[in-house]
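Only one structure is covered here, and it is reproduced in the block below.
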Protein chains: 2
Amino acid sequence: MKIDPNSPADLSAQIAKAIRDAIMSGDLLVDERLPSEAELSEQFNVSRPTVREALKRLGAQSLIRTQRGATGGAFVNRLRFEDAYGQQITTSTLLLSMNDVSFGTACEARYALERSCAALASERRTADHLATMRAETHRQSQPSLTDEAFCASDVAFHRALVDAAGNPVISYQLAGAVEAMQPLMNMITFSARSRETIVGFHSQITDALEQRDGAAVDLHLSALADYTNTLAQSVIDARQAAKTNS
Amino acid sequence: MKIDPNSPADLSAQIAKAIRDAIMSGDLLVDERLPSEAELSEQFNVSRPTVREALKRLGAQSLIRTQRGATGGAFVNRLRFEDAYGQQITTSTLLLSMNDVSFGTACEARYALERSCAALASERRTADHLATMRAETHRQSQPSLTDEAFCASDVAFHRALVDAAGNPVISYQLAGAVEAMQPLMNMITFSARSRETIVGFHSQITDALEQRDGAAVDLHLSALADYTNTLAQSVIDARQAAKTNS
DNA sequence: AGACGTTTAATTGTCTGACAAATGAAAATT
DNA sequence: AATTTTCATTTGTCAGACAATTAAACGTCT
């Protein structure tokens, strides 16, 4: 592991990259302890604050964890799916909001990917998944629910559907697509009528899943996607019209 | 934005979180300049190195960028899809390797998600996408290609297929699933026979895509998934047998 | 000998103060 | 007016110090 003091890049960035590469190449194993900050600053010939900045960078990506005390130090962190979920959701949400991704594009991505779970979920869904989905669907039928809570429940429903596919890699990959939709959905005001329709789709999806009918799940998901898109479009149109009038 | 000096968490982590929240809530807009490090250290009542550690954390997530000089400083960064790709691939690769995700699980996730692109890609594929896919398929038929280069070309082929769906959100979400497979694929030694079979599938997929036949794309993808899985299984079995004999 | 405090050494977390390097803006000069 | 010089601002880096934490080593008492 070497760094170039004359490179245009920050030293701390170079050091972070060197250590990151060592982790990714398997040179540093999970739970292995890195040299202490003092030792690293000697090895790389930089000061301790610079080493610390590099370690903080790696910590932000959950690649290492640090511990104080006599036997403390920085350790290669086993990246857990739950940790990765959070980062994935943060990144996805910011990507959508900062790049002016349209509701339609995000919605299309979400449902396209989610439909790919239909077959697997039908095979593997447990009673637990069904119970969660029914509970959320029931919650969604409460008229007292705020729009925000309705959206949150919608996300929980779809997350249960994705988890029912029983593949942690899929759950991880779709966490971003499903959760990042929430801020976009929150811009919609749901009428009692539209809530009812969505709840109906959710019931149909859950029923089909219970009967392990993957094709039906796919069909209803597709219909729900269309309906959601239509709903969003009408909101956008209405907003556009209001703008023109004012 | 306030922090708690008595919290168990690091001050730099708290500060990073405060700024991250401000960005995600829209309190800080894209390209907006943050206060200088000196000002931030006054505001949060911490030293400059601590502020810097916080900023490096945010930099590692591409949430901010920094610039030296008179009008420099830290700016809220527009998170680009290309930047997010890299992080996504890093995280996905580490997730698979650190959690002992089986080839089967990763492969299932990859093809399940990829198949969800079949319909969209059939509608929207351009001549460019087809050309890339044919070029990669042709490269794969060169016997002189190393296994590693063969895998890299395979990834490029599938990335083109995903991109053909014409939805940047899908491309982003699938970047991890597709690229993170490469290290796992690299463990397989491809015989001339198996390469030929894979190239055949790739040709069929490209043909179907050219004819905008989404169902056929889906079918061939599914067949390729099965074949890849069988291939990997035979490698694993052979390795197991060798282990037992030794 | 074994259980239980105490000390100690190692390590990260934080602070202070300083200087170097980059960079754009303002001032001076031609 | 154009060009060069100076300068102020800001990040990047360094050195050294002290506080907080923690586990292991050490003593002490039973």
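It should be emphasised that the depicted structure is a prediction, and the values quoted were computed from it without experimental measurement. Just so it is clear, the values below take in all heavy atoms, side chains as well, and ignore hydrogens, waters and symmetry mates. Sequence lines set the chain letters: A, B, ... in the order given, protein chains first and strands last, and positions in each chain run from 1.
- Between the CD atom of A:Glu53 and the C1' atom of C:dG13 there is a distance of 14 Å, rounded to whole Å.
- A:Arg65 comes within contact range of no nucleotide atom at all, as no heavy-atom separation falls under 4.0 Å.
- Side-chain proximity of B:Ser47 to C:dT12, D:dT11, C:dT14: nearest is C:dT14.
- For the pair A:Arg52 and A:Thr66, the minimum side-chain heavy-atom distance is 4.5 Å or more.
- Rounded to whole Å, atom C1' of D:dT13 lies 17 Å from atom CG of A:Leu40.
- Whole-Å rounding puts the B:Glu39 CD to D:dT10 P distance at 6 Å.
- For the OP1/OP2 pair of C:dG13 and a distance below 4.0 Å, the side-chain nitrogens and oxygens of B:Thr50 include no atom meeting the criterion.
- Atom pair A:Asp10:CG and D:dC14:C1' shows a separation of 15 Å (rounding to whole Å applied).
- Of the possible donor and acceptor atoms, none in the side chain of A:Asp27 sits under 3.5 Å from a partner among the backbone N and O of A:Asp21.
- Between the side chain of B:Arg48 and the backbone N or O of B:Glu37, no donor-acceptor pair lies under 3.5 Å.
- Looking at B:Met185 and B:Leu231, their side chains never come closer than 4.5 Å, going by heavy atoms from C-beta outward.
- Taking the six-membered ring for Trp and thresholds of 30 and 60 degrees, B:Tyr172 and B:Tyr85 have nearly parallel ring planes, at less than 30 degrees apart.
- As a whole-Å value, the separation of B:Gln14 CD from C:dT14 C1' is 13 Å.
- Here D:dG16 presents its P atom at 17 Å from CD of A:Glu37, a figure rounded to the nearest Å.
- Nearest to the side-chain atoms of A:Pro49 among the listed nucleotides D:dC14, C:dT12, D:dT13 stands D:dC14.
- Inspection of the B:Gln87 and A:Gln88 side chains reveals no N or O donor paired with an N or O acceptor under 3.5 Å.
- Taking a 6.0 Å sphere around CZ of A:Arg33, one finds it holds more than 12 heavy atoms contributed by other residues, nucleotides or ligands.
- Out of D:dT11, C:dG13, D:dT13, the shortest distance to the side chain of A:Lys56 is found at C:dG13.
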Each base of DNA chain D marked ( ) or [ ] if paired in-strand (Watson-Crick or G-U under 3.5 Å), | if paired to another strand and . if unpaired gives ||||||||||||||||||||||||||||||
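- Using modelled atom types, one finds no donor on one side chain facing an acceptor on the other under 3.5 Å when comparing A:Gln140 with A:Thr137.
- Between A:Arg52 and C:dT12, a side-chain N or O to OP1/OP2 separation shorter than 4.0 Å is absent.
- For the pair A:Leu55 CG and C:dT14 C1', the interatomic distance rounds to 15 Å; values are reported in whole Å.
- Nucleotide D:dA15 holds its C1' atom 14 Å from the CD atom of A:Glu42, rounded to whole Å.
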Give the B/S/- string for nucleotides 18-23 of chain D, one per nucleotide from 5' to 3', where a protein heavy atom under 4.0 Å of the base yields B, of only the sugar-phosphate yields S, and otherwise -.
--SBBB
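- With respect to B:Glu179, the side-chain hydrogen bond (donor to acceptor under 3.5 Å, both in side chains) criterion is satisfied by exactly one of B:His158, B:Arg159, B:Arg110: B:Arg159.
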